[in-house]
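Since the model is a prediction, treat every value here as computed from it, not as a measurement.
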Amino acid sequence: MENIDFYSLFQGVGTMAAGGWLLAVTRIALVILGCAVIYLGWKGVLEPMIMIPMGLGMIAINCGTLMMPEGGLGNLFLDPLASDTDELMNIMQIDFLQPIYTLSFSNGLIACFVFMGIGTLLDVGYLLQRPFASILLALCAELGTFLTLPIASAMGLTLKEGASVAMVGGADGPMVLFTSLVLAKHLFVPITVVAYLYLGLTYGGYPYLVKLLVPKRLRAIKIEEKKVPKNYAPKVKLAFAVILCAVLCFLFPVASPLFLSLFIGVAVRECKESMKHVYEFMSGPLLYGSTFMLGLLLGVLCDAHLLMSPVILKLLILSVVALLLSGIGGIIGGYIMYFLKKGNYNPVIGIAAVSCVPTTAKVAQKLVSKDNPDSFVLGHALGANISGVITSAIIAGIYTTIIPLL
């Protein structure tokens with residue numbers, strides 16, 4: 001009993017002193033950030049499904065640090081760096097989130113589950129109605145994905161590391177998770193955490209970018225439809241999904257799990273009359289359950305000592321650059337369509353091509369409605385949004401296939 005002191009009894013406080021002032025300050029900052037993320041998720045500024053569990057995870061992991069039997073600092077949540085199989089089996093019996101992390105997160109399975117759910121949300125009919133405009137906008141909105149790679153190389157990152165962080169510009173979390181897992185496994189944890197933190201900010205940040213680059217008179221444009229958009233039958237949309245899945249898997253086998261996951265979701269959506277229960281499961285429990293657990297695991301991965309690597313600052317800067325350039329690229333695409341259509345196009349639609357489904361499409365419609373309540377651009381925005389998802393998946397396939405050969 002004489003060996004029990006205040007620091008031994010309350011190890012969260014004790015480890016603050018034992019880890020040094022820099023680690024302690026970082027832990028406190030992450031706890032405060034976690035509180036801020038929860039508040040912004042609760043207010044609806046950020047995506048609550050990811051941000052609330054992520055914020056709680058950040059708080060718990062940085063408050064719940066304790067002294068391990070071997071003398072170092074640790075926790076009872078998970079160890080993302082465990083690689084020895086015997087050690088891993090022991091950890092999986094102790095750390096309560098370790099089985100979920102090892103068996104679903106670190107192998108990309110949870111990203112595929114989220115992609116299946118996202119697929120059930122995608123009505124590819126919007127893309128088929130306006131294929132040229134949707135594809136053009138999607139390509140422009142990948143500006144950050146392309147330009148961040150040489151910037152990352154100039155900052156000292158390898159091609160694999162640069163390609164992994166450049167995928168943040170695609171604004172699709174599962175894609176970032178998958179690409180970093182394939183190309184830069186040693187940076188998998190920080191890239192994924194940084195990516196999801198910033199992707200949550202697109203809903204709050206992109207409106208300011210649009211207002212900066214698109215004047216009010218152009219934001220208020222109401223598109224005059226010269227002909228009624230064609231409604232495609234479910235069998236046509238199903239055939240489109242099947243053919244595109246086959247082509248992309250054939251061209252980029254390394255990314256075939258992502259393509260299969262996305263298009264099986266699309267297929268289930270188009271067959272929901274005969275697969276009602278499967279559709280309800282994939283669009284509900286699978287999507288929202290996977291997203292919630294993804295947010296929780298991301299929060300728990302925000303352990304101060306893991307995020308104190310010198311490369312983190314570079315990742316933070318590059319992620320902001322990637323998302324900023326992609327947003328600018330999307331708006332440039334909107335202006336291109338505005339001139340091609342001789343003024344009968346709203347440039348704000350371009351921001352929807354940044355494939356954060358369906359967040360950026362909702363951002364576009366919300367901004368347009370604020371300046372002109374009679375302007376409805378959601379159909380155009382969803383076409384660009386869906387095309388952006390597919391384009392980002394293709395670029396992920398290109399990067400994971402070509403970069404290792406260079």
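- Distance alone, capped at 3.5 Å, is enough to place a donor-acceptor pair between the Asn75 side chain and the Phe77 backbone.
- Taken to the nearest 0.5 Å, the NZ atom of Lys185 stands 13.5 Å off from the CD1 atom of Ile191.
- Here the closest non-hydrogen pair linking Thr179 and Ser164 is O-OG, 3.8 Å.
- Met92 is listed as a side-chain neighbour of Leu103, based on a closest heavy-atom distance under 4.5 Å.
- For the pair Ser319/Val165, a side-chain contact is recorded, criterion being any heavy-atom separation below 4.5 Å from C-beta on.
- The number of heavy-atom neighbours closer than 6.0 Å to OH of Tyr126, taken from other residues, nucleotides and ligands shown, is 12 or below.
- For the pair Thr26/Asn62, no side-chain contact is recorded, criterion being any heavy-atom separation below 4.5 Å from C-beta on.
- Within 6.0 Å of the CG atom in Asp374, the count of heavy atoms belonging to other residues, nucleotides or ligands exceeds 12.
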Output, in order, the C-alpha distance, side-chain angles, deciding distance and verdict of side chain to side chain contact (heavy atoms under 4.5 Å, CB included) for Ile223 and Ile349. CA-CA 11 Å; Ile223 300 175; Ile349 297 169; 3.6 Å; yes
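- Side-chain contact between Leu238 and Cys271 is present, with at least one heavy-atom pair separated by less than 4.5 Å.
- To the nearest 0.5 angstrom, Met282 atom CE is 13.0 Å from Lys272 atom NZ.
- Under the 4.0 Å criterion applied to side-chain N and carboxylate O atoms, Arg219 and Asp371 are assigned as salt-bridge partners.
- Under the 3.5 Å distance criterion, the side-chain polar atoms of Tyr206 are matched with a main-chain donor or acceptor of Leu323.
- Remark: the backbone N or O of Pro253 is paired with a side-chain donor or acceptor of Ser256 at under 3.5 angstrom.
- Side-chain N or O atoms of Gln129 include none that pairs as donor or acceptor with a backbone N or O of Pro229 at under 3.5 Å.
- Relative orientation of the Phe259 and Phe252 rings is tilted, given thresholds of 30° and 60° on the angle between their planes.
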Decide yes or no on side chain to side chain contact (heavy atoms under 4.5 Å, CB included) for Lys211 and Lys370, but give the supporting numbers first. CA-CA 12 Å; Lys211 290 177 181 178; Lys370 189 174 180 180; 3.7 Å; yes
For side chain to side chain contact (heavy atoms under 4.5 Å, CB included), just list the numbers for Thr192 and Ser180, CA-CA rounded to whole Å, side-chain angles, deciding distance to a tenth of an Å, and then say yes or no. CA-CA 8 Å; Thr192 307; Ser180 59; 3.7 Å; yes
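- The two atoms that bring Ala361 and Asn385 nearest to each other are CB-OD1, 3.5 Å, heavy atoms only.
- Arg269 and Ser283 share no side-chain donor-acceptor pair at under 3.5 Å.
- A donor-acceptor contact shorter than 3.5 Å is absent between the side chain of Ser261 and the backbone of Met116.
- Distance check: Met175 CE to Leu258 CG gives 6.0 Å after rounding to the nearest 0.5 Å.
- Across all non-hydrogen atoms, the minimal contact from Ser392 to Gly170 is OG-O, 3.4 Å.
- Although no hydrogens or angles enter the test, the distance criterion places no donor-acceptor pair under 3.5 Å between the side chain of Ser134 and the main chain of Pro131.
- In terms of heavy atoms, Met337 sits closest to Leu136 at SD-CD2, 3.6 Å.
- In this structure, the side chains of Leu378 and Phe376 come closer than 4.5 Å at one or more pairs of heavy atoms.
- Contact detail for Lys237 and Tyr232: the closest heavy-atom pair is CE-O, 3.4 Å.
- Ring centroid separation for the pair Phe105 and Phe188 comes in under the 6.0 Å cut-off.
- Of the possible donor and acceptor atoms, none in the side chain of Thr391 sits under 3.5 Å from a partner among the backbone N and O of Leu139.
- Formation of a donor-acceptor pair under 3.5 Å by the Ser326 side chain with backbone atoms of Gly144 is found in this model.
- Salt bridge absent: Glu225 and Lys341 never bring a charged side-chain N and a carboxylate O closer than 4.0 Å.
- The CE atom of Met49 sits 11.0 Å away from atom OG of Ser290, with the distance rounded to the nearest 0.5 Å.
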List the steps, then state whether side chain to side chain contact (heavy atoms under 4.5 Å, CB included) holds for Leu33 with Leu30. CA-CA 5 Å; Leu33 178 60; Leu30 286 170; 4.3 Å; yes
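- Note that the CE atom of Met89 and the CD atom of Gln98 stand 11.0 Å from one another [nearest 0.5 Å].
- Summarising the geometry, atom CG belonging to Leu187 is positioned 10.5 Å from atom NZ belonging to Lys314; distances are rounded to the nearest 0.5 Å.
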As a quick check of understanding, evaluate side chain to side chain donor-acceptor pair (under 3.5 Å) for Glu161 and His186, giving each step before the final call. CA-CA 9 Å; Glu161 294 167 345; His186 60 292; 2.7 Å; yes
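- Side chains of Val182 and Tyr399 form no contact here, defined as non-hydrogen atoms less than 4.5 Å apart.
- Contact check for Met54 versus Phe292: no side-chain heavy atoms found under the 4.5 Å cut-off.
- Residues Asn372 and Ile221 have side chains not in contact (no heavy-atom distance under 4.5 Å, counting atoms from C-beta outward).
- Nearest approach of Val194 to Leu315, heavy atoms of both residues: CG1-O, 3.9 Å.
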